[in-house]
Amino acid sequence: MMGCCLFIHQKKRKQRTRDVDSLSLCSLDINEPSSKRVKPLSRVTSLASLLPPVKAAPLKRIGQTLQRSISFRNDCRPEIIAPRPWSRQIAPAITKRRDSKLWSETFDVGLGHMLSSKEIKRQEAIFELSQGEQDLIEDLKLAKKAYREPMLKLSIMSEHELNQIFGTLDSLIPLHEDLLSRLREARKPDGSTDHMGHILVDWLPCLETYATYCSNQVAAKALLDHKKQDHRVHDFLQRCLESPFSRKLDLWSFLDIPRSRLVKYPLLLREILKHTASEHPDRQHLHHAMSMIQSIVAHINTQTGESECRYYKERLLYLESGQRDLLIDSSRILSCHGPLKNNRGLKLHVFLFQDVLVVTRAVSQNEQLCYQLHQQPIPVRDLEWDDLQDGEMRLGGSIRGAFSNSERTKNFFRVVFGSGGQLQTLCFQASDAFSKQQWLNCIRQAKEAVCPAGSEPQLLSVQTARQDRARPCSDYSMMDTSDACVDLSIECPPVHLTDVTAVKV
């Protein structure tokens, strides 16, 4: 009996021991660290993910900072790699776009059933003119409020520099507000407009004030490009470009909008006139307005061209007094200019004034972009030209050039001229076929203007030079151009070569 009781007592002790051990193990699992990986309670990989995906710029920067500095491991989800500290991560912004509007979609649609197809097109053209004025006013005010005023307040640029870049932009806003107000007053309650030609005839003379603004654009663009080298200016303009309000347009695009609008007026008026019936009383006023705007644009174009010509003449640098030429001083027209390469692949900047061709290289002087004459100016009167076929040009200057691909032998043309009783030749390579053709057209037009038909002097040896196209251009050349070095990445102020045949204002 005693043995049986002892056995039961030992069995109960063992059971209590097992219970205690089990409880201790539970306590160990809860309180002691374990090498076993356990899923964290939160599935958030970064505090940045707690922020909404699209917020104002400060929140984006805070979110990126958090993502770089704080992150939680999650074995069940791939780890997010933080962006490198030197790279600027920018969340895509929602671009503010301007919806195009039609007259028929804006006003009473039922009215369209009572109008002819031609009259509807006329109303659409008048509405496009009015809507364009509103868009222009908004853009000019935006340029002033979002760019000029902040840069002045933050001392990013001086007031003098901003006045040079923005020019007389402020004076253009009330001018276009006046036209918009008149056009809206002429609009009937149903949205249609009967007479508006007299408004244009009365208002168009105000556009003469554009001459001052457009003439300043060459210098304004040059200064703006120079100021972009300042990191504060560059950073400010880049942030504006990335903001929704800019519509992906940079500052110069806004500053160039008035010029674009000016050259569009003849097209808009022509469209209105096209859809105005011959018996309509507004037609006579529209003809008068059309003649006025063409004359105004031509006048402003002339003044702008002369201003551009003066700008570049002032930035020509002469290595010696013998390089100065009266043909440059007397020039009032710059037909075209732009970067060209010679047959050795070296880069030059060439100017074609009305009477003289000037070959230069771009240099920096006193933090300004200038153009140092590379050789004696070439009178257009003594100039001949020749179009070289692709692959016809033999390159020189290096052994590597002899084994280069055919792309380097494209878009060449040659100019031949007499100097001191000797025939000299220069070969130039344009960036593409279109630019090459533009150069040839401008040279031909300048030659025709200087030497009318029947009075053109003949260079006897030019024909001989043209007949031997197989010889490399350097065989003809009497000049050494090996020291020319111009960086094509330099942003030269407008007008660009592609603008040569268009209106330059």
Side-chain angles (χ1 to χ4, degrees), residues 95-98 128-129 131-151 157 161-177 179 206-228 233-234 236-238 240-243 245-268 293 296-309 311-312 334 336-338 369 490-505:
T95 303
K96 180 181 178 182
R97 299 189 180 277
R98 181 176 281 156
E128 182 181 358
L129 172 65
Q131 189 63 35
E133 292 299 303
Q134 180 176 333
D135 293 343
L136 173 63
I137 294 168
E138 292 177 358
D139 287 335
L140 296 183
K141 289 183 176 180
L142 178 63
K144 178 181 178 181
K145 183 177 180 180
Y147 289 93
R148 192 186 191 285
E149 293 178 357
M151 284 194 288
M157 287 194 204
E161 291 170 333
L162 291 171
N163 288 339
Q164 284 186 286
I165 292 175
F166 284 81
T168 57
L169 182 138
D170 283 352
S171 66
L172 303 181
I173 297 176
L175 185 152
H176 291 280
E177 286 178 334
L179 176 59
C206 300
L207 290 179
E208 291 288 355
T209 59
Y210 262 73
T212 304
Y213 182 82
C214 293
S215 298
N216 180 63
Q217 280 197 297
V218 176
K221 181 65 163 59
L223 178 59
L224 178 61
D225 290 341
H226 172 68
K227 293 300 296 183
K228 286 180 181 178
V233 176
H234 179 272
F236 176 84
L237 296 179
Q238 186 64 28
C240 290
L241 183 63
E242 295 162 0
S243 300
F245 71 82
S246 71
R247 308 194 308 275
K248 301 299 182 183
L249 300 176
D250 59 9
L251 173 57
W252 183 251
S253 297
F254 284 101
L255 296 178
D256 195 47
I257 284 176
R259 182 203 62 83
S260 302
R261 181 65 177 176
L262 179 64
V263 298
K264 194 175 180 181
Y265 280 121
L267 303 177
L268 293 170
I293 188 60
I296 291 171
V297 170
H299 174 65
I300 296 176
N301 183 49
T302 300
Q303 287 190 308
T304 303
E306 293 177 355
S307 175
E308 178 196 18
C309 186
Y311 174 85
Y312 284 113
L334 177 60
C336 64
H337 74 94
L369 182 63
I490 296 176
E491 291 188 25
C492 300
V495 169
H496 298 293
L497 181 59
T498 54
D499 294 328
V500 168
T501 58
V503 180
K504 293 182 185 176
V505 291

Practice problem: Output all residues satisfying side-chain contact (heavy atoms from CB on, under 4.5 Å) with A298, sequence neighbours left out; order by chain, then residue number. | Solution: none
Quiz item: For H176, which residues count as a ring pair (Phe, Tyr, Trp, His ring centres under 6.0 Å) partner, sequence neighbours excluded?
Solution: W203, Y210
Exercise. Mind checking side chain to side chain donor-acceptor pair (under 3.5 Å) for H299 and listing every partner two or more places apart, or none if nothing turns up?
Key: Q303
Practice problem: Check whether any side-chain heavy atom of I300 lies under 4.5 Å from a side-chain heavy atom of I296, and answer yes or no. | Solution: yes
Exercise. Could you tell me which residues satisfy salt bridge (charged side-chain N to carboxylate O under 4.0 Å, His left out) with R261, sequence neighbours excluded, listed by chain and number?
Key: E133
Practice problem: Step by step, work out the side chain to side chain contact (heavy atoms under 4.5 Å, CB included) result for M157 and V233. | Solution: CA-CA 8 Å; M157 287 194 204; V233 176; 3.6 Å; yes
Self-check item: By side chain to side chain donor-acceptor pair (under 3.5 Å) - contacts of E128 (at least two apart)
Solution: none
Practice problem: Please determine, by modelled atom types, if D250 and S253 share a side-chain donor-acceptor pair under 3.5 angstrom. | Solution: yes
Quiz item: Which atoms form the tightest heavy-atom contact between F245 and A146, and what is the distance?
Solution: CE1-CB, 3.7 Å
Exercise. Provide the closest heavy-atom pair for L223 versus E161 in the form atom of the first, atom of the second, distance.
Key: CD2-O, 3.7 Å
Quiz item: If every non-hydrogen atom of L255 is compared with every non-hydrogen atom of Y213, which pair is closest and at what distance?
Solution: O-OH, 2.5 Å
Quiz item: How would you list, by chain and number, every residue that makes a side chain to side chain donor-acceptor pair (under 3.5 Å) with T209, sequence neighbours excluded?
Solution: none
Exercise. Would you give the length of the straight line joining atom SG of C214 to atom CD of E308, rounded to the nearest 0.5 angstrom?
Key: 12.0 Å
Quiz item: Once you round to the nearest 0.5 Å, how far does CG of N216 lie from CD1 of I165?
Solution: 9.5 Å
Quiz item: What's the spacing between H234 NE2 and K227 NZ if we round to 0.5 Å?
Solution: 14.0 Å
Practice problem: Taking all non-hydrogen atoms of both residues into account, name the closest pair between Y311 and A219 and its distance. | Solution: CE1-CA, 3.8 Å
Exercise. Name all residues meeting the salt bridge (charged side-chain N to carboxylate O under 4.0 Å, His left out) criterion together with E149; count only those two or more places apart in sequence or in a different chain, and write none if there are none.
Key: none
Quiz prompt | Partner residues of Y147 under the side chain to side chain donor-acceptor pair (under 3.5 Å) criterion, sequence neighbours left out | solution = none
Self-check item: Residue list, side-chain contact (heavy atoms from CB on, under 4.5 Å) with I257, at least two apart or on another chain
Solution: L136, D139, F254
Practice problem: For the residue pair R148 and L169, establish whether any side-chain heavy-atom pair is separated by less than 4.5 Å. | Solution: no
Quiz prompt | side-chain contact (heavy atoms from CB on, under 4.5 Å) involving S171 - partner list, sequence neighbours excluded | solution = T168
Self-check item: side chain to side chain contact (heavy atoms under 4.5 Å, CB included) between V218 and T304, worked out
Solution: CA-CA 9 Å; V218 176; T304 303; 5.5 Å; no
Self-check item: Non-hydrogen atoms of L241 and S246 that approach each other most closely
Solution: O-OG, 2.9 Å
Quiz item: Do the non-hydrogen side-chain atoms of V297 and L207 ever get within less than 4.5 Å of each other?
Solution: no
Quiz item: Where do L251 and L224 come nearest, in terms of heavy atoms and distance?
Solution: CD2-CD1, 3.9 Å
Quiz item: Would you say Q217 and D256 make side-chain contact, with heavy atoms under 4.5 Å?
Solution: yes
Quiz item: Looking at side-chain heavy atoms only, is the closest gap between P258 and L140 below 4.5 Å?
Solution: yes
Self-check item: Side-chain touch M151/F166, heavy atoms, less than 4.5 angstrom
Solution: yes
Practice problem: Find the distance between CD (E208) and CG (L175) and round it off to the nearest 0.5 Å. | Solution: 11.0 Å
Exercise. Report the residues that fulfil salt bridge (charged side-chain N to carboxylate O under 4.0 Å, His left out) with E177, sequence neighbours left out, ordered by chain and then residue number.
Key: K141
Quiz item: Under the side-chain contact (heavy atoms from CB on, under 4.5 Å) test, which residues partner D170, sequence neighbours left out?
Solution: K144
